[in-house]
Protein chains: 2
Amino acid sequence: MSADLHVILGDLVSVNHRLTRVAARAARGTESPALWRTLSVLRSTGPIRLGELADLSRVSQPTATKLAGGLVARGWIERTNDPDDARVSLIASTPAGEAALAAWRAELAAALLPYFADLSAGDVETLERAVAILRDRVEATERMAAPHRLAAEPTVTAR
Amino acid sequence: MSADLHVILGDLVSVNHRLTRVAARAARGTESPALWRTLSVLRSTGPIRLGELADLSRVSQPTATKLAGGLVARGWIERTNDPDDARVSLIASTPAGEAALAAWRAELAAALLPYFADLSAGDVETLERAVAILRDRVEATERMAAPHRLAAEPTVTAR
DNA sequence: CCCTATACATAGCCAAGCTATATATCCAGC
DNA sequence: GCTGGATATATAGCTTGGCTATGTATAGGG
């Protein structure tokens, strides 16, 4: 019998906040989580406009502007103008950004590994499935949260 | 077979950061996560000194001082002097603090519930077990992080 | 052409994190 | 019982990430 989902969700968020601190200290010396989070979103979506990035990252538009500034300064994203709409700024991660993200993930995982090294194979699989579930939910909420144009968008492609 | 534990840990932290944003927006209008996290730690440990609270919360001592100030201002913790050592400040959560924490968890869970309502029973149980695993690891790292020293990586430091 | 809506930028605030340093207390040794 | 180093917390000052409110430029329909 599972406990009430309410309780599980409360515990989930609590343990998340604590794990965030463990990860922050384990991967000290690296850049801030917000930048990695933003890069992660970009990686899963491909090039998008700044407003969409804000929605999908679950931050306000000004916060996305600020984060984008930091990412541009580090050469981790590129901003290009939409030829069809001069107001729009398209954001895409650069190869350097992808590489930096991968390096951060590797460093973080290496730092956390000792704490998780003695997990049983079953526990590892449980974690893996839980990550998949959570990613699915987070991306589902992204879809719910996008009040903008996801439907009638002609999907201006690529370049 | 499960994917490499490195990859799972990287994904775990990534999805955690994203989930944190979802939770922050879902539970809008409430107090900051750091205060709840601190109360959570106190709840699981009972009364402890400020320095211990900093270590267990995985924040620096000055940060713990600041957080404790906010919690005292809200009446959610009490500070008493250690009769045996005048330097020491003992921190304990108040009933009001416990109640506020419980209320926050309930509100947060209610806000997140719609996003998780359609999970299968098996997925719910996976989440529950994952939360238990993570809590166990987080508390294990607390034990590892005994004094001011951060637990070192097993790899040779080459900085 | 205006007029409104949209996309992003700017300004200005606050919280949370850090390092470095100051203050107060304890304790060991003399 | 003084002195000096160690320990517990406080203070100062900075950076980043988050927000709301508002400004500016462009799009697009009367």
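Sequence lines set the chain letters: A, B, ... in the order given, protein chains first and strands last, and positions in each chain run from 1.
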Atom pairs under 3.5 Å, N or O on each side, protein against nucleotides 20-24 of chain D: can you list them with distances?
{"from": "D:dT20", "atom 1": "OP1", "to": "B:Arg28", "atom 2": "NH2", "distance (Å)": "2.9"}

Could you tell me the separation between the CG atom of A:Leu56 and the C1' atom of C:dA7, rounded to a whole number of Å?
15 Å

Taking CD from A:Glu31 and P from C:dG17, how many angstroms apart are they, rounded to a whole number?
18 Å

Could you tell me how far apart A:Ile91 (CD1) and C:dC8 (C1') are, to the nearest whole angstrom?
10 Å

Rounded to whole Å, how long is the line connecting atom CG of B:Asp55 with atom C1' of C:dG17?
16 Å

Starting at the 5' end of DNA chain C and moving along, which residue's nearest nucleotide shows up first, B:Val59 or A:Arg79?
A:Arg79

Provide, to the nearest angstrom, the distance between the CG atom belonging to B:Leu67 and the C1' atom belonging to D:dT9.
14 Å

How many Å lie between CG on B:Asn81 and P on C:dA24, as a whole number?
15 Å

Proximal nucleotide (of D:dT9, D:dG18, C:dA9) relative to the A:Ala34 side chain
D:dG18

Flag the pair B:Glu128 / A:Leu5 as yes when at least one side-chain heavy-atom distance between them is below 4.5 Å, and no otherwise.
no

Any luck finding a side-chain donor-acceptor pair between B:Thr94 and B:Glu98 under 3.5 Å?
no

What's the spacing between A:Phe116 CZ and B:Leu134 CG if we round to 0.5 Å?
5.5 Å

B:Asp11/A:Arg105 ion pair, N-O < 4.0 Å
yes

Quick one: A:Leu50 CG to C:dT6 C1', roughly how many Å, whole number?
14 Å

According to a strict under-4.0 Å criterion, is A:Thr65 in side-chain N/O contact with OP1 or OP2 of C:dA9?
yes

Take A:Asp118 and B:Arg137, measure what salt bridge (Lys or Arg N to Asp or Glu O under 4.0 Å) needs, and give me the verdict at the end.
CA-CA 10 Å; A:Asp118 60 334; B:Arg137 293 298 105 180; 2.6 Å; yes

Considering only nitrogen or oxygen atoms on both sides, find all protein atoms under 3.5 Å from nucleotides 27-30 of chain D and state each distance.
{"from": "D:dA27", "atom 1": "OP1", "to": "A:Ala86", "atom 2": "N", "distance (Å)": "3.1"}

Short side-chain to backbone donor-acceptor contact, B:Ser93 and B:Ile77, under 3.5 Å
no

Answer yes or no: does a side-chain N or O of A:Arg49 lie under 4.0 Å from OP1 or OP2 of C:dC8?
no

A side-chain contact here means heavy atoms from C-beta on lying under 4.5 Å apart; do A:Arg79 and A:Leu90 qualify?
no

D:dG18 C1' sits how many Å from B:Arg18 CZ, rounded?
18 Å

So which one's nearest nucleotide on DNA chain D is more toward 5', B:Lys66 or A:Lys66?
B:Lys66

